[in-house]
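First comes the structure, then the notes that go with it.
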Amino acid sequence: MSRIVAADLEAIFDGRGHPTVEATIVLESGARGRVGAPSGASTGAHEVRAFPEGGAAEAIRRFPRSVAPRLANLDAADRAGVDAALHAADGTPEFSAIGGNTATAVSVAAATAHAAERGVPLWRVLARPGVERASFPAIVGNCLNGGRHAIGGPDIQEFLAFAEAPRPEDSIRAAVRVHALLGEAIHRRYPALALGRGDEGGWVAPIGNVEALELLSAACAKARDELGTSVHPGIDLAASEFFRDGKYRYRDRTLDPEDQVAFVAQLVDDHGLRYVEDPLDEEAFDDFAAVTRAIGDRAVVVGDDIYCTRVPRLERGIALGSSNSALIKVNQAGTLSDTFAAVDLARAHGLSTVTSHRSGDLPEGWLAHLAVATAARGLKCGVLGGERVAKLNELLRLGRATG
Ligand code: PEP
Ligand code: MG
């Protein structure tokens with residue numbers, strides 16, 4: 001038995017400099033796991049609460065009395081047991097007493113300690129039924145930031161490189177190349193402009209959505225020519241962020257829901273998009289289904305804010321055909337068990353999953369293991385910046401270990 005003998009929760013900063021928590025779980029054998037939980041900015045309304053009232057400091061204050069005693073002597077190998085203890089310590093459906101970030105940090109730290117004790121990579125103890133060998137996800141890499149993740153960028157939140165190759169070194173190289181080529185193209189077009197980078201390490205430039213897509217698809221075409229790797233443009237619209245009073249309000253146009261469906265389908269056609277996330281508001285299950293029908297199998301259509309990695313919302317989306325893929329963020333759901341319930345449901349109904357970072361992430365690599373363990377279609381973790389590169393490098397290491 002991998003008996004838990006100590007559990008701690010401490011304060012750290014996320015990639016935006018906001019306070020969050022990291023958990024340390026120590027086993028009787030001396031093996032330990034230390035894991036931090038990231039934070040979002042364009043959070044879905046149906047995510048569990050990241051922290052109790054009072055934020056990370058309050059989560060840390062409550063931990064020794066309300067959580068740690070429930071973890072003592074549990075078997076870290078018994079994920080269901082650890083995660084049930086977290087739910088029991090909380091007692092609310094939204095983790096509003098102990099915080100979803102506490103649940104995420106403890107749940108992943110317990111699994112990390114268990115893997116360390118067994119001397120196996122984390123993905124092996126997380127592997128879903130049927131996942132026996134490591135296969136590698138496409139890289140979904142953020143090359144240009146907008147929306148809530150940038151000051152002064154386009155309305156669309158993320159302009160992405162969707163890079164597919166059997167070996168992570170090839171897909172990562174392609175995503176990195178697109179990022180560089182896009183920066184060069186923006187600089188060539190606007191030589192006087194000071195280019196910055198946003199929350200997820202993509203460029204920030206005061207350009208429009210369509211112009212950004214033109215430059216991105218040209219950068220992808222060039223990278224394909226140079227490297228011979230399949231890399232195509234993608235977007236995360238995070239459309240809830242600019243949906244107000246029944247309309248999608250871009251800076252240069254205002255669209256009714258039917259026009260938004262047509263606009264997004266047209267973007268897929270015009271720019272060869274292979275990845276489209278959150279094209280509609282988080283409550284628009286039927287409009288999501290309309291866009292998914294219009295796009296067909298030309299692109300991975302991914303639900304993020306609409307599902308929030310939560311089983312009841314995913315069930316509704318599956319029944320209506322709202323998307324062909326689901327974004328997976330552990331701290332939207334709370335624990336690993338909650339996350340796997342969503343992953344398993346998606347897979348059982350033929351939806352792919354895309355394992356995702358948060359915009360305020362940490363320089364930790366465990367997300368790469370989660371992607372491999374769930375045979376994810378994609379690993380969405382950005383391209384540049386320490387907290388993004390940590391995940392890409394971990395995927396590289398896993399590629400080498402199995403190559
Ligand atoms: C996203 O919307 O996919 C995302 C990563 O943003 P955030 O972490 O801000 O929710
Ligand atoms: Mg998103």
Side-chain angles (χ1 to χ4, degrees), residues 14-18 20 36-51 100-101 104 137-151 153-162 197-202 204 234-243 264 273 275-284 288 291 299-310 313-314 317 322-323 325-334 339 342 352-362 364 367 370-371 376-385 387-388 390-392:
D14 70 22
R16 263 192 293 263
H18 294 166
T20 184
S39 298
S42 65
T43 47
H46 301 277
E47 299 189 18
V48 299
R49 301 280 80 86
F51 300 111
N101 273 24
T104 294
I139 298 300
V140 188
N142 200 334
C143 294
L144 179 80
N145 289 182
R148 284 251 203 162
H149 295 169
I151 298 171
D155 314 285
I156 291 179
Q157 180 179 280
E158 300 174 23
F159 295 82
L160 305 153
F162 184 68
R197 296 219 315 249
D199 285 352
E200 294 187 352
V204 178
I235 47 177
D236 176 2
L237 291 96
S240 300
E241 300 294 334
F242 53 88
F243 182 70
V264 172
L273 304 182
Y275 181 99
V276 178
E277 181 180 325
D278 279 358
L280 294 142
D281 178 61
E282 61 199 339
E283 304 302 340
F288 250 92
V291 95
V300 188
V301 182
V302 188
D304 172 12
D305 291 347
I306 184 175
Y307 304 138
C308 288
T309 318
R310 316 263 334 241
R313 294 189 64 86
L314 190 55
S322 298
S323 72
S325 187
L327 204 75
I328 300 296
K329 292 168 168 168
V330 180
N331 73 333
Q332 283 184 330
T339 304
S352 64
T353 59
V354 174
T355 310
S356 175
H357 64 167
R358 301 307 306 248
S359 52
D361 217 289
L362 297 158
E364 300 182 1
L367 202 72
L370 188 66
R377 178 85 170 83
L379 171 62
K380 187 183 185 222
C381 69
V383 180
L384 291 198
E387 63 273 46
R388 320 292 157 191
K391 293 156 186 61
L392 296 175

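Both counts, for ligands and for their atoms, begin at 1 and track the order of listing. Side chains included, hydrogens not; waters and symmetry mates left out as well; all remaining heavy atoms used.
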> Against heavy atoms of E158, which atoms of ligand 1 measure under 4.0 Å?
Replying inline: 1 (C), 2 (O), 3 (O), 4 (C)
> Considering only heavy atoms of H357, which atoms of ligand 1 have at least one such atom less than 4.0 Å away?
Replying inline: 5 (C)
> Does the N or O separation between K380 and ligand 1 drop below 3.5 Å for any pair?
Replying inline: yes
> If you measure from the Lys or Arg side-chain nitrogens to the Asp or Glu carboxylate oxygens, is any gap between E47 and K329 under 4.0 Å?
Replying inline: no
> Looking at atom 4 (C) of ligand 1, what's its closest protein heavy atom, distance included?
Replying inline: K329 NZ, 3.3 Å
> For ligand 1, which atoms have a heavy atom of S42 less than 4.0 angstrom away?
Replying inline: 2 (O), 6 (O), 7 (P), 9 (O), 10 (O)
> So S39 and N101, side chain to side chain contact (heavy atoms under 4.5 Å, CB included) or not? Walk me through it.
Replying inline: CA-CA 8 Å; S39 298; N101 273 24; 3.6 Å; yes
>> For atom 7 (P) of ligand 1, what's the nearest protein heavy-atom neighbour? Residue, atom name and distance, please.
In response: S359 OG, 3.5 Å
>> Under a 3.5 Å threshold, yes or no: a donor from one side chain and an acceptor from the other, between H46 and R310?
In response: no
>> With a 4.5 Å cut-off on side-chain heavy atoms, are T43 and R358 touching?
In response: yes
> What atoms in ligand 1 come closer than 4.0 Å to a heavy atom of D304?
Replying inline: 1 (C), 2 (O), 3 (O)
> Is any N or O atom of S356, backbone or side chain, closer than 3.5 Å to an N or O atom of ligand 1?
Replying inline: no
>> Taking 4.0 Å as the limit for heavy-atom contacts, which would you say applies to D305 with ligand 1: side chain only, backbone only, both, or neither?
In response: neither
> What are the atoms of ligand 1, with element, lying closer than 4.0 Å to any heavy atom of G40?
Replying inline: 7 (P), 8 (O), 9 (O), 10 (O)
>> If you compare all heavy atoms of A371 against all heavy atoms of T355, which two are closest, and at what distance to 0.1 Å?
In response: CA-OG1, 3.4 Å
> Quick one: which of D14, D361, T104, N331 gives a side chain to side chain contact (heavy atoms under 4.5 Å, CB included) with T20?
Replying inline: D14
> Going by the order shown, which atoms of ligand 1 are within less than 4.0 Å of some heavy atom of D236?
Replying inline: 1 (C), 2 (O), 3 (O)
> Would E364 and H357 satisfy side chain to side chain donor-acceptor pair (under 3.5 Å), going step by step from the backbone distance to the final call?
Replying inline: CA-CA 10 Å; E364 300 182 1; H357 64 167; over 6 Å; no
> Looking only at N/O atoms, are G360 and ligand 1 under 3.5 Å apart anywhere?
Replying inline: no
>> Suppose we measure from atom 5 (C) of ligand 1 to each protein heavy atom; which comes out shortest, and what is that distance?
In response: E200 OE2, 3.3 Å
> Should R377 and Y275 count as side-chain neighbours, where that means a heavy-atom distance under 4.5 Å?
Replying inline: no
> Can you tell me which residue and heavy atom of the protein come closest to atom 2 (O) of ligand 1, and the distance to 0.1 Å?
Replying inline: Q157 NE2, 2.9 Å
> In this structure, which one of L237, V302, V300, D236 forms a side chain to side chain contact (heavy atoms under 4.5 Å, CB included) with V276?
Replying inline: L237
> Are any of the side-chain heavy atoms of I306 and D278 separated by less than 4.5 Å?
Replying inline: yes
> Mind checking whether K380 and L160 have side chains closer than 4.5 Å, heavy atoms only?
Replying inline: yes
>> A side-chain contact here means heavy atoms from C-beta on lying under 4.5 Å apart; do S356 and D304 qualify?
In response: no
>> The criterion is side-chain contact (heavy atoms from CB on, under 4.5 Å); which residues satisfy it with E241, sequence neighbours excluded?
In response: S42, R148, A238
>> Using side-chain heavy atoms (C-beta onward) and a distance below 4.5 Å, is S322 in contact with Y307?
In response: yes
>> Less than 4.0 Å is my threshold; does some heavy atom of E277 fall inside it relative to ligand 1?
In response: yes
> Thinking salt bridges, do E200 and R16 make one under a 4.0 Å N-O criterion?
Replying inline: no
>> For atom 10 (O) of ligand 1, what is the closest protein heavy atom, and at what distance to 0.1 Å?
In response: R358 NH2, 2.8 Å
>> Return all protein N, O or S atoms below 2.8 Å from the Mg ion (ligand 2), chain by chain in residue order.
In response: D236 OD2, E277 OE2, D304 OD2
> Does any N or O atom in R16 lie less than 3.5 angstrom from one in ligand 1, N or O only?
Replying inline: no
>> Give me the nearest non-hydrogen protein atom to atom 6 (O) of ligand 1 as residue plus atom name, then the distance to 0.1 Å.
In response: H149 CE1, 3.2 Å
